[in-house]
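Okay, structure first, notes after.
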Amino acid sequence: MPSSDRYSGPSRSVERRKAMIHSLCETCALMREVITPKGSRFLLCQLSQSNADYPKYPPQPVARCGGYQKKEQTGGVVER
Ligand code: SF4
């Protein structure tokens, strides 16, 4: 069987790649997660409140950002 039978096409491949790109906002101390009543999730950039160069809801994923500040590690969940 030729391997091209399993080829899913370029558009699906690009979608998958985009979904796998990790956004810097996810680990940024300046990001606030907003969940709507319908369950949609948006990442709000709090730097936008003091710097007009940063959009309130930056298009995702963000690969590079001059305002990025790494979130402090919380240490995870501790079970007793
Ligand atoms: S400062 Fe940059 S990385 Fe942080 S939340 Fe805003 S856009 Fe995302």
Side-chain angles (χ1 to χ4, degrees):
M1 177 191 309
S3 61
S4 61
D5 287 349
R6 288 181 279 165
Y7 181 63
S8 59
S11 61
R12 188 181 285 182
S13 173
V14 169
E15 284 175 20
R16 278 195 202 137
R17 198 173 313 138
K18 277 185 177 178
M20 291 174 67
I21 295 172
H22 182 78
S23 176
L24 275 180
C25 298
E26 297 284 357
T27 57
C28 181
L30 299 172
M31 183 276 282
R32 187 162 63 83
E33 186 180 60
V34 176
I35 307 286
T36 68
K38 288 185 175 180
S40 297
R41 179 175 181 256
F42 296 94
L43 304 183
L44 188 155
C45 175
Q46 296 179 92
L47 193 54
S48 66
Q49 296 165 356
S50 57
N51 188 333
D53 291 339
Y54 292 84
K56 188 173 182 179
Y57 295 103
Q60 298 297 321
V62 171
R64 280 180 293 177
C65 179
Y68 175 75
Q69 292 178 30
K70 189 170 172 53
K71 236 187 256 184
E72 292 294 320
Q73 296 293 322
T74 59
V77 177
V78 176
E79 291 184 30
R80 295 183 183 187

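The distance from the CD atom of Gln69 to the NZ atom of Lys71 is 12.5 Å, given to the nearest 0.5 Å. Distance check, rounded to the nearest 0.5 Å: CG of Leu30 to OG of Ser50 gives 8.0 Å.
With sequence neighbours excluded, the residues forming a side chain to side chain contact (heavy atoms under 4.5 Å, CB included) with Lys38 are Thr36, listed by chain and number. With sequence neighbours excluded, the residues that form a salt bridge (charged side-chain N to carboxylate O under 4.0 Å, His left out) with Arg41 are Glu26, Glu33. Taking the side-chain hydrogen bond (donor to acceptor under 3.5 Å, both in side chains) definition, one finds that Thr27 meets it with Tyr68, sequence neighbours left out. Residues satisfying the side-chain hydrogen bond (donor to acceptor under 3.5 Å, both in side chains) test with Gln46, not counting sequence neighbours, are none. When the side-chain hydrogen bond (donor to acceptor under 3.5 Å, both in side chains) test is applied to Gln49, no partner is found at least two apart in sequence or on another chain.
Under the 4.5 Å side-chain heavy-atom criterion for grouping Ile, Leu, Val, Met, Phe, Trp and Tyr, Leu43 is not connected to Val34 through any hydrophobic cluster.
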Only distances under 3.5 Å count here; give the side-chain donor-acceptor pairs of residues 54-63 to other protein atoms, sequence neighbours excluded, each with its distance to 0.1 Å.
unit_1: Tyr54; atom_1: OH; unit_2: Gly67; atom_2: N; d: 3.1
unit_1: Gln60; atom_1: OE1; unit_2: Ser23; atom_2: OG; d: 2.4
unit_1: Gln60; atom_1: NE2; unit_2: Pro58; atom_2: O; d: 3.0

